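It should be emphasised that the depicted structure is a prediction, and the values quoted were computed from it without experimental measurement.
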Amino acid sequence: MGSPVDRVRGAASVLDYLNLLLCLHYLRGAALERFDTLAARARALSSLDEAAQLLRDVGRAADEDLRGLGVHSSMQEALGRLEPRTARDLRSVVDAMSRLTEDVFGLILDEYEQRAALGSGEFFTPRPVVRLMTRLACSEFGPGQPESVYDPYARDGGFLIEAMAACALDKDGLPRDETLRTYGETRRADTWRLATMNLLLHGVSPALDLKRTVPWHDGAGRAPLESFDIVLTNPPFNMSDPGRGERHEGQWAFGAPPLDNDNFAWVQHCLAKLREPGRAGIIMPNKAGNSGHKAEQAIRRNLVENGVVDCVIALPAQLFTGTAVPVSVWILRHPNNPCESTLFLDARHMGAKNGSRRVLSALDAESLLDAYRVRRNAGGAAPLLGTTTAEPHVPAALVSREELRRSDYSLNPLDHVKHRSGGGEGFEHELVSAWEQLSNAEEHLRDIQEATAQLPFAGNRGPLPRRNQPTSMANLDSLCEIQAGPSYSKLGKKQRGTHGPVPVVFPRHLKDRRISDEADERVTEETARRLRNFELRHKDIVCIRSGAIVPPALVQQHQAGWLMSPNVIRLRVLDEQEDRVLPEYLLHYLCLEESVAWMRDRAAATAAPSLRSESLGSLRIPLLELAEQQEIVAALNGLDKLDHAHRTVAASVQRTRIALAAALLGPSSEPAPDTFPRRRFEKEASL
């Protein structure tokens with residue numbers, strides 16, 4: 001997805017280029033002999049005419065193979081629009097595709113989804129979510145089971161692929177004699193073609209039909225099987241408020257869904273296709289869990305009273321490319337195998353940031369599975385609330401049918417997990433913890449106040465004693481090595497990610513004269529070694545190079561080895577100047593309002609706000625004797641610690657106020673008599 005995109009597509013769209021990658025990868029996996037013939041022709045390309053003919057033949061080969069499976073395809077037309085600059089460019093792409101692993105197809109699909117702007121109704125389901133839902137739905141089946149799986153809105157075929165992988169072995173751990181029967185439906189020709197390719201490349205029989213209507217319109221016989229052991233799907237959401245009228249078409253075991261909103265129509269279709277003792281997994285918008293519409297309330301009541309809602313998991317925001325709608329996973333049971341309680345898990349805090357999206361890790365999925373197993377034990381008893389053995393912690397609530405009645409049958413995890421963690425023992429634990437934290441913060445503040453009282457300049461809280469005049473003035477560049485960050489070509493978005501071992505410092509990380517530990521962008525060790533000239537050391541000073549100018553920050557000892565981003569500047573005191581200036585003294589001088597204003601003025605002199613190293617180097621620094629610098633640094637550092645201690649106390653007071661209000665006013669039982677820890681009063685009595 002780098003320079004070959006423009007070099008091969010010409011005036012065509014990026015989607016046409018992606019179709020080329022999809023075709024090449026598909027043919028390599030599904031028709032290797034044809035691919036080898038086309039790849040040999042690519043290696044011998046010598047003209048643009050030959051390149052154009054090869055593109056048409058690649059498209060024709062993919063079309064013919066897909067049509068043999070009953071899938072309409074027009075890849076030849078799409079690839080015919082490509083205009084490579086040279087025959088060598090096309091040859092390079094074909095050669096690269098011949099060396100990539102099978103996993104690359106999913107990456108190309110991710111890129112296709114973003115470029116095609118499929119919309120919130122057509123986005124693909126993230127693979128970690130697919131894996132989580134599949135394993136939850138399969139958790140009640142033993143080896144060699146289940147026998148069939150159905151996805152009524154198949155998108156890229158991910159659920160069928162994952163189910164096939166999860167159910168591949170028999171009870172002896174050997175490949176099953178009879179493979180899992182799969183069936184799916186889709187409603188767009190382009191995603192139908194992509195899903196068929198995806199299924200074939202993963203060894204799954206592409207039993208996938210293109211349907212133009214929703215499944216409950218076609219009546220009985222739509223699917224080749226009467227019912228299925230597992231139903232998994234991510235149907236299109238209807239987030240608009242439903243109409244007031246009643247729906248008359250269809251047969252609804254749990255109540256007719258409202259007009260103009262199909263959320264609960266999909267839920268009931270999944271249950272209708274479920275074979276006893278099957279499981280269904282469906283992605284639903286959070287709003288469906290506690291909407292106030294009369295028809296939806298009635299359906300939720302019937303679902304709960306029939307014991308079909310096994311588990312609801314609130315997922316993190318921004319998991320999906322095409323929508324920001326907050327969603328949950330609903331795990332449903334067959335009505336003949338009901339449950340007496342519903343498990344709610346809150347996973348909103350999980351996942352790592354990756355650009356504008358969040359991504360669930362394998363550890364996140366395992367934590368959720370462990371939380372489900374711990375609370376849904378084999379005996380069916382309701383275990384105590386609390387943390388699971390998995391990390392990170394998964395807040396949870398196991399809610400009885402009677403409690404769900406009292407909540408107007410809400411199936412939104414936020415209405416239950418929050419209540420459970422804040423009521424009864426949860427209120428008491430939070431309040432005790434808050435009081436303890438406040439007591440510790442106040443004790444730390446007193447220690448800092450006592451230490452500050454002993455500092456020069458800061459301790460007497462009166463007029464300053466007569467001070468010595470600076471011994472000299474020096475330009476900043478005579479005291480420091482001034483190094484701008486690497487160029488964007490060396491450290492751009494392609495080189496950065498969220499999982500590397502070495503953090504990168506950006507202007508947003510400069511806060512309160514320190515570098516924050518957010519470390520939200522990282523690079524690999526290889527990239528860090530290549531850019532070692534831009535690494536940071538303990539007591540380096542980092543200034544902003546481009547963007548809004550704020551006070552600089554000092555590198556702490558644990559941040560040594562981090563990298564500069566392109567839009568910061570590093571100041572490092574020269575070895576021969578260490579007996580003239582302290583890095584901390586230099587930092588405090590650069591943080592003066594007048595110094596920051598000076599830097600802003602120089603940065604504003606350019607078309608885009610940018611502070612050049614040469615301009616920064618001309619800043620004049622007054623130098624005092626080293627002993628006086630040390631006193632100034634001690635006084636200002638002490639006040640910084642005092643400031644931080646006061647902020648910690650203020651934050652602890654706010655937390656305690658919230659916890660106390662919840663304990664006194666929230667829906668809880670009578671407060672425990674020992675809510676306020678004795679240790680706090682004992683400490684205060686001794687003061």
Side-chain angles (χ1 to χ4, degrees), residues 469-493 495-496 503-516 521 531-556 559-560 562-624 626 629 632-633 636-637 640:
Q469 293 297 314
T471 58
S472 62
M473 299 287 292
N475 282 2
L476 186 61
D477 58 8
S478 69
L479 301 172
C480 297
E481 171 195 270
I482 302 178
Q483 173 67 59
S487 65
Y488 282 98
S489 61
K490 294 180 178 178
L491 188 57
K493 289 185 177 180
Q495 289 81 25
R496 306 193 304 265
V504 182
V505 177
F506 286 83
R508 63 178 179 272
H509 299 139
L510 275 59
K511 300 174 182 178
D512 299 324
R513 297 173 292 280
R514 297 171 69 93
I515 297 172
S516 73
E521 294 206 44
L531 299 175
R532 65 170 59 92
N533 291 338
F534 302 99
E535 74 175 10
L536 298 171
R537 296 180 189 168
H538 182 212
K539 294 190 178 182
D540 281 350
I541 298 171
V542 178
C543 305
I544 291 181
R545 177 185 182 187
S546 58
I549 303 296
V550 300
L554 192 72
V555 177
Q556 304 302 305
Q559 296 167 335
W562 292 16
L563 280 184
M564 309 158 57
S565 69
N567 38 9
V568 300
I569 297 176
R570 182 190 69 203
L571 306 181
R572 179 176 294 162
V573 174
L574 297 168
D575 293 342
E576 59 270 21
Q577 298 295 333
E578 288 181 349
D579 59 348
R580 294 185 66 199
V581 64
L582 296 173
E584 298 94 332
Y585 170 82
L586 196 54
L587 170 78
H588 289 304
Y589 186 82
L590 294 174
C591 288
L592 287 173
E593 289 187 5
E594 59 196 60
S595 300
V596 176
W598 185 94
M599 289 186 278
R600 285 174 180 156
D601 180 64
R602 270 53 180 187
T606 60
S610 179
L611 183 61
R612 299 177 59 203
S613 300
E614 295 80 3
S615 299
L616 183 59
S618 66
L619 178 62
R620 301 283 286 171
I621 307 296
L623 295 179
L624 300 167
L626 213 60
Q629 289 185 34
I632 291 173
V633 167
L636 296 179
N637 283 352
D640 282 343

Would you say the side chain of [Y] lies within less than 4.5 Å of the side chain of [X], judging by non-hydrogen atoms?
X	Y	result
L554	E584	yes
P507	V550	no
C591	P552	yes
H509	P503	no
Y585	I632	yes
D640	R513	yes
L616	R602	no
M473	P622	yes

Heavy-atom closest pair, residues [X] and [Y]:
X	Y	result
L611	A603	N-CB, 4.0 Å
L590	V596	O-CG2, 3.6 Å
S613	I482	CB-CG2, 3.8 Å
N475	G617	CB-O, 3.6 Å
S516	K511	CB-CD, 4.3 Å
R570	D540	CD-OD2, 3.4 Å

Distance in Å, [X] [atom1] paired with [Y] [atom2], rounded so as to fall on 0.5 Å steps:
X	Y	atom1	atom2	value
M599	E594	CE	CD	11.0 Å
F534	L491	CZ	CG	9.0 Å
L619	D477	CG	CG	10.0 Å
L586	R572	CG	CZ	13.5 Å
L587	C543	CG	SG	8.5 Å
I621	L476	CD1	CG	5.0 Å

Donor-acceptor pair, side chain of [X] and main chain of [Y], under 3.5 angstrom:
X	Y	value
E521	R496	no
R545	G485	yes
T471	L623	yes
S595	Y589	yes
Q577	L574	no
Q629	R580	yes

Is it true that atom [atom1] of [X] has more than 12 heavy atoms of other residues, nucleotides or ligands lying nearer than 6.0 Å?
X	atom1	result
R514	CZ	no
R532	CZ	no
E593	CD	no

Q | Check against side chain to side chain contact (heavy atoms under 4.5 Å, CB included), V573 and C480 | A | CA-CA 4 Å; V573 174; C480 297; 4.3 Å; yes
Q. What do the steps show when you test K490 against L531 for side chain to side chain contact (heavy atoms under 4.5 Å, CB included), and what is the final call?
A. CA-CA 8 Å; K490 294 180 178 178; L531 299 175; 4.0 Å; yes
